[in-house]
Q: 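The structure is given below, and queries will be raised subsequently.
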Amino acid sequence: MRAKELLESVISIINEQNSWRLGRAINMIASENVMSPLALKAYMSDFMFRYAEGKPFKRYYQGTRYIDELEVMTEKVIGAQLGTSMVELRPTSGTLANAAVFRVLAEPGDAAVIAPVQAGAHVSHTRFGTLGALGIQQVDLPYDADNMNVDVDGARKVIMQTRPKFAVLGGSVYLFPHPVEEIAAMVHEVGGKLVYDAAHVFGLIYGKAWPNPLERGADVMTASTHKTFPGPQGGLIAFRDEPLYKAVGKTIFPWFVSNHHLHRIPATLITALEMNEYGEEYANQIVRNSKKLAEELAARGFTVVGEKLGYTRSHQVLVYVRDLGGGAWAAKTLEDADIIVNKNLMPMDPPEAVKDPSGIRIGTQEVTRLGMKEGEMEVIAELFYRLLIKREEPEKVRKDVNEFKKDFMKVKYSIEEDRLITVLDLLR
Ligand SMILES: *Cc1c(COP(=O)(O)O)cnc(C)c1O
């Protein structure tokens, strides 16, 4: 192909993606969200071409006066909401935020205790991910299946025996808050630290719909800025422990990050300002929506995980679909009808079931941001029912999905005048 044809096909693929995922599809991947048009405009700036190694006002580069100012402002605005003055924005992802914290807290060969995979641990907490890459040993805390959580009594024994350098709570697939106070007290007793990985629930914490781990004994919180917190893709660390803040600040660069994707800083700041204004309303609506979606799915015959505990307190709903055809089949069938979720290991699955796990994970944070409320959760549950239980043709259901989505194109919970345009329009 000639360059011109290639170019046309690149542009056309990008436009296809935009009109599919921003236009026609119902996006329910639990780790995603969309930025507001204003944040997106702020994202497109000269900052995306620049470097600023080092801490604000102590950079190794010239030309950084404006990013210095904005980075400090962002740290202040986010810190104020979380109750700390110590915030790091330079990790470009949640995984790198974890890497920086883990590496400072432990040397290769040291041990860390983590929430077990059944309680939602992310791969970066395990020997297969960042923890393993750093040579830190993974010791699992025991799992309490009845409460779908870390087993607090069993944890005491493991922590006293292991005497870990740190414990990690928080996860990727979890419905209920982990026992931060209890585990913090135990690791502190053996001289360790508690890391809370808030990648998924950072927006819920920011909007006060989920307990703030820094107020409950965690020494440090890592996060992604693009899951329930609807900013640009990026990472963040908030500290309660000052020596740790200083040590991590000195090592992010040069250990893990050289350029920190500067253009995401003003976009994150605008998102934070929007969240200061509308975050509580947004976060509480997310949780109400996931509860409602869970109830409506259960009412239509789905096996929704966590029934005895009220299904969910987060943005996630987990549905067991082994008896219907398995997680891989369910996720593909939904995708054929333009509903995007991911297949997921359920707490009852063995780890080797990862290619065809028993369940799907559904997130309500993005549809909530587009203005959906409890009534729309009923509509979505019915679409799931038609596809996965009644087994209507995906092509037929897709028409209804696309029609339904037309009314939910604009980002709510953002600065007023900005709600008039869609992100899709802005990208045209
Ligand atoms: C998504 C996730 C991460 C990784 O975040 P990225 O920003 O994608 O690197 C880390 N921890 C948990 C618990 C997550 O769910």
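In what follows, every heavy atom counts, from backbone to side chain, and hydrogens, waters and symmetry copies are set aside. Since the model is a prediction, treat every value here as computed from it, not as a measurement.
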Q: Give a yes or no on this: more than 12 heavy atoms of other residues, nucleotides or ligands lie within 6.0 Å of atom CZ of Phe57.
A: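 Result for CZ/Phe57: enclosed.
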Q: With a 4.5 Å limit on heavy-atom distance, are the side chains of Asp241 and Val220 in contact?
A: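 Counting from C-beta outward, Asp241 and Val220 never come under 4.5 Å.
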Q: Begin from the C-alpha positions of Ser258 and Glu53 and carry the test side chain to side chain donor-acceptor pair (under 3.5 Å) through to its verdict.
A: CA-CA 6 Å; Ser258 171; Glu53 286 174 355; 2.6 Å; yes
Q: Considering residues, nucleotides and ligands other than Lys343, do more than 12 of their heavy atoms fall under 6.0 Å from its NZ?
A: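 No, the 6.0 Å shell around NZ holds no more than 12 heavy atoms from other groups.
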Q: Heavy-atom count check: over 12 atoms from other residues, nucleotides or ligands less than 6.0 Å from Met73 CE?
A: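 No, because the 6.0 Å sphere around CE of Met73 holds 12 heavy atoms or fewer from other groups.
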Q: Has Gln138 got a side-chain atom pairing as donor or acceptor with Arg127's backbone, closer than 3.5 angstrom?
A: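 Such a contact is found between Gln138 side chain and Arg127 backbone.
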Q: Give the minimum heavy-atom separation between Asp356 and Arg322, together with the two atoms involved.
A: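 Nearest heavy atoms, Asp356 then Arg322: O-NH2, 2.9 Å.
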Q: Evaluate the criterion side chain to side chain contact (heavy atoms under 4.5 Å, CB included) for residue pair Thr228 and Tyr206; output intermediate values, then yes/no.
A: CA-CA 9 Å; Thr228 52; Tyr206 205 93; over 6 Å; no
Q: Name every donor-acceptor pair, under 3.5 Å, that has one atom in a side chain of residues 166-176 and the other anywhere in the protein, sequence neighbours excluded.
A:
residue : atom : partner : partner atom : Å
Tyr174  : OH   : Tyr196  : OH           : 2.8

Q: In this structure, are over 12 heavy atoms from other groups packed under 6.0 Å from Glu307 atom CD?
A: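 No.
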Q: Return the set of residues passing salt bridge (Lys or Arg N to Asp or Glu O under 4.0 Å) with Asp46 (not counting sequence neighbours), or none when no residue passes.
A: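 For Asp46, the residues satisfying salt bridge (Lys or Arg N to Asp or Glu O under 4.0 Å) (neighbours in sequence not counted) are Arg50.
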Q: What I'd like to find out is whether the side chain of Pro91 reaches to under 4.5 Å of the side chain of Ile237, using heavy atoms alone.
A: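 Pro91 reaches Ile237 side chain to side chain.
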Q: For Arg240 and Ala218, which heavy atoms make the closest approach, and how far apart are they?
A: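 Looks like NE-O, 3.1 Å.
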Q: Ignoring hydrogens and geometry, is there a side-chain-to-backbone donor-acceptor pair from Asn402 to Arg24 under 3.5 Å?
A: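 Indeed, once roles are kept as given, a pair shorter than 3.5 Å links the two residues.
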Q: Under 4.0 Å between a Lys/Arg side-chain N and an Asp/Glu carboxylate O for Glu32 and Arg21?
A: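 Yes, charged N to carboxylate O under 4.0 Å.
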Q: Start with the C-alpha distance between Asn289 and Gln285, add both sets of side-chain angles, then the distance that settles side chain to side chain donor-acceptor pair (under 3.5 Å), and finish with yes or no.
A: CA-CA 6 Å; Asn289 281 355; Gln285 188 65 49; 2.9 Å; yes
Q: Going by the rule salt bridge (Lys or Arg N to Asp or Glu O under 4.0 Å), which residues pair with Lys165 if we only count those two or more places apart in sequence or in a different chain?
A: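 Here the qualifying residues are Asp110.
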Q: Within a radius of less than 6.0 Å around CD of Gln62, do more than 12 heavy atoms belonging to other residues, nucleotides or ligands occur?
A: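 At most 12 heavy atoms, drawn from other residues, nucleotides or ligands, come within 6.0 Å of this atom.
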Q: To check you understand the geometry: which heavy-atom pair defines the closest contact between Ser124 and Asn98, and what is its length?
A: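 In this case the closest contact between Ser124 and Asn98 is OG-ND2, 3.0 Å.
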Q: Between the side chain of Arg90 and the main-chain N/O of Gly249, is any donor-acceptor distance below 3.5 Å?
A: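 Yes; at least one donor-acceptor contact below 3.5 Å.
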Q: If only atom types and distance count, is the side chain of Asp151 paired as donor or acceptor with the main-chain N or O of Pro142 below 3.5 Å?
A: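 No; zero donor-acceptor contacts below 3.5 Å.
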Q: Is atom CE of Met44 surrounded by more than 12 heavy atoms (other residues, nucleotides or ligands) closer than 6.0 Å?
A: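 Open.
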Q: Is a donor on one side and an acceptor on the other found under 3.5 Å between the side chain of Lys405 and the backbone of Ile26?
A: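 Absent.
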Q: Classify the ring geometry between His261 and His263 as parallel (under 30°), tilted (30 to 60°) or perpendicular (over 60°).
A: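 His261 vs His263 ring planes: tilted.
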Q: Taking salt bridge (charged side-chain N to carboxylate O under 4.0 Å, His left out) as the criterion, tell me which of Arg264, Lys58, Arg59, Lys55 meets it with Glu71.
A: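 Of the listed options, the one satisfying the test is Arg59.
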Q: Between CG of Leu236 and CG of Leu82, what distance do you get to the nearest 0.5 Å?
A: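 Result: 7.5 Å between the selected atoms.
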Q: Contact between Ile159 and Val139 at the side-chain level, heavy atoms closer than 4.5 Å - yes or no?
A: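 SC-SC contact between Ile159 and Val139 ruled out.
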Q: Taking the six-membered ring for Trp, is the centroid-to-centroid distance between Tyr413 and Tyr278 below 6.0 Å?
A: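 So the answer is no for these two rings.
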Q: Could you give the distance from OG (Ser36) to CZ (Arg369), rounded to the nearest 0.5 Å?
A: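 So the gap between those two atoms works out to 5.5 Å.
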Q: The test is side chain to side chain contact (heavy atoms under 4.5 Å, CB included); show your working for Gln81 and Asn276 and say whether it passes.
A: CA-CA 8 Å; Gln81 187 74 6; Asn276 284 357; 3.6 Å; yes
Q: Taking side chain as C-beta onward, heavy atoms only, is Ile415 less than 4.5 Å from Glu277?
A: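 No, their side chains stay 4.5 Å or more apart.
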Q: Distance check, rounded to the nearest 0.5 Å: Thr368 atom OG1 versus Met377 atom CE?
A: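 Thr368 atom OG1 to Met377 atom CE measures 5.5 Å (nearest 0.5 Å).
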Q: Does Phe202 offer a backbone N or O that forms a donor-acceptor pair with the side chain of Lys227 under 3.5 Å?
A: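 Checking the backbone N and O of Phe202 against the side chain of Lys227, no donor-acceptor pair under 3.5 Å is found.
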Q: Run the ring pair (Phe, Tyr, Trp, His ring centres under 6.0 Å) test against Phe256 and tell me which residues pass, sequence neighbours left out.
A: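 So Phe256 forms no ring pair (Phe, Tyr, Trp, His ring centres under 6.0 Å) with any residue.
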Q: Please answer whether the main-chain N or O of His226 pairs with a side-chain N or O of Ser224 as donor and acceptor at a distance below 3.5 Å.
A: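 Side chain of Ser224 to backbone of His226, a donor-acceptor pair under 3.5 Å: no, none is there.
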Q: Would you say the side chains of Asp197 and His125 form a donor-acceptor pair under 3.5 Å?
A: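 Yes, because at least one side-chain N or O of Asp197 sits under 3.5 Å from a partner of the opposite role on His125.
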Q: Do side-chain atoms of Thr225 reach the backbone of Pro232 as a donor and acceptor pair under 3.5 angstrom?
A: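 Indeed, once roles are kept as given, a pair shorter than 3.5 Å links the two residues.
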Q: Mind checking whether Ile362 and Ile380 have side chains closer than 4.5 Å, heavy atoms only?
A: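 Result no, sub-4.5 Å side-chain heavy-atom pair not found.
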Q: So do Leu89 and His260 actually touch side chain to side chain, heavy atoms under 4.5 Å?
A: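 They are not in side-chain contact.
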Q: Ignoring hydrogens and angles, tell me if any N or O in the side chain of Ser19 forms a donor-acceptor pair with the backbone of Gly23 under 3.5 Å.
A: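 No.
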Q: For Glu382, what residues pass the salt bridge (Lys or Arg N to Asp or Glu O under 4.0 Å) criterion, not counting sequence neighbours?
A: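 Testing Glu382 for salt bridge (Lys or Arg N to Asp or Glu O under 4.0 Å), a comparison that skips the adjacent residues, returns Arg300.
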Q: Nearest 0.5 Å, please: how far is CZ in Phe302 from CG in Leu318?
A: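 Spacing of CG (Leu318) from CZ (Phe302) equals 14.0 Å.
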Q: Write down the atom of Met221, the atom of Ala198, and the distance for their closest heavy-atom approach.
A: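 In this case the closest contact between Met221 and Ala198 is CG-CB, 3.7 Å.
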Q: Looking only at heavy atoms, what is the nearest atom pair of Leu334 and Phe384, with distance?
A: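 Here Leu334 and Phe384 meet closest at CD1-CE2, 3.7 Å.
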Q: Does Glu242 pair with Lys246 as a salt bridge, N-O distance under 4.0 Å?
A: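 Judged by the 4.0 Å cut-off on N to carboxylate O distance, Glu242 and Lys246 do form a salt bridge.
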Q: Are more than 12 heavy atoms from other residues, nucleotides or ligands located less than 6.0 Å from atom CZ of Arg103?
A: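 Buried by this count: over 12 neighbours within 6.0 Å.
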Q: Which heavy atom of Val158 sits nearest a heavy atom of Thr162, and at what distance?
A: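 Distance-wise, the nearest heavy atoms are O-OG1, 2.6 Å.
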Q: Should the heavy atoms of other residues, nucleotides or ligands under 6.0 Å from CZ of Phe408 be counted, would the total exceed 12?
A: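 Yes, the 6.0 Å shell around CZ holds more than 12 heavy atoms from other groups.
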Q: May I ask you to decide if Gly375's main-chain N or O and Lys292's side chain share a donor-acceptor pair within less than 3.5 Å?
A: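 Checked: no pair found.
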Q: Working to the nearest 0.5 angstrom, can you tell me the gap between Ile67 CD1 and Phe47 CZ?
A: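 Here the interatomic distance stands at 4.5 Å.
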Q: When rounded to the nearest 0.5 angstrom, what distance separates CG in Asn27 from OG1 in Thr364?
A: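 Spacing of CG (Asn27) from OG1 (Thr364) equals 13.0 Å.
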Q: Can you list the steps and then say if Ile270 with Lys41 is a side chain to side chain contact (heavy atoms under 4.5 Å, CB included)?
A: CA-CA 10 Å; Ile270 285 178; Lys41 280 185 237 164; over 6 Å; no
Q: According to the side-chain hydrogen bond (donor to acceptor under 3.5 Å, both in side chains) rule, which pairs have a member within residues 175-189, sequence neighbours left out?
A: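 side-chain hydrogen bond (donor to acceptor under 3.5 Å, both in side chains) check on residues 175-189 returns Arg156-Glu189, His188-Asp219.
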Q: Under the side chain to side chain contact (heavy atoms under 4.5 Å, CB included) rule, what do Ile340 and Glu335 come out as? Steps first, then yes or no, please.
A: CA-CA 5 Å; Ile340 316 293; Glu335 185 186 27; 4.0 Å; yes
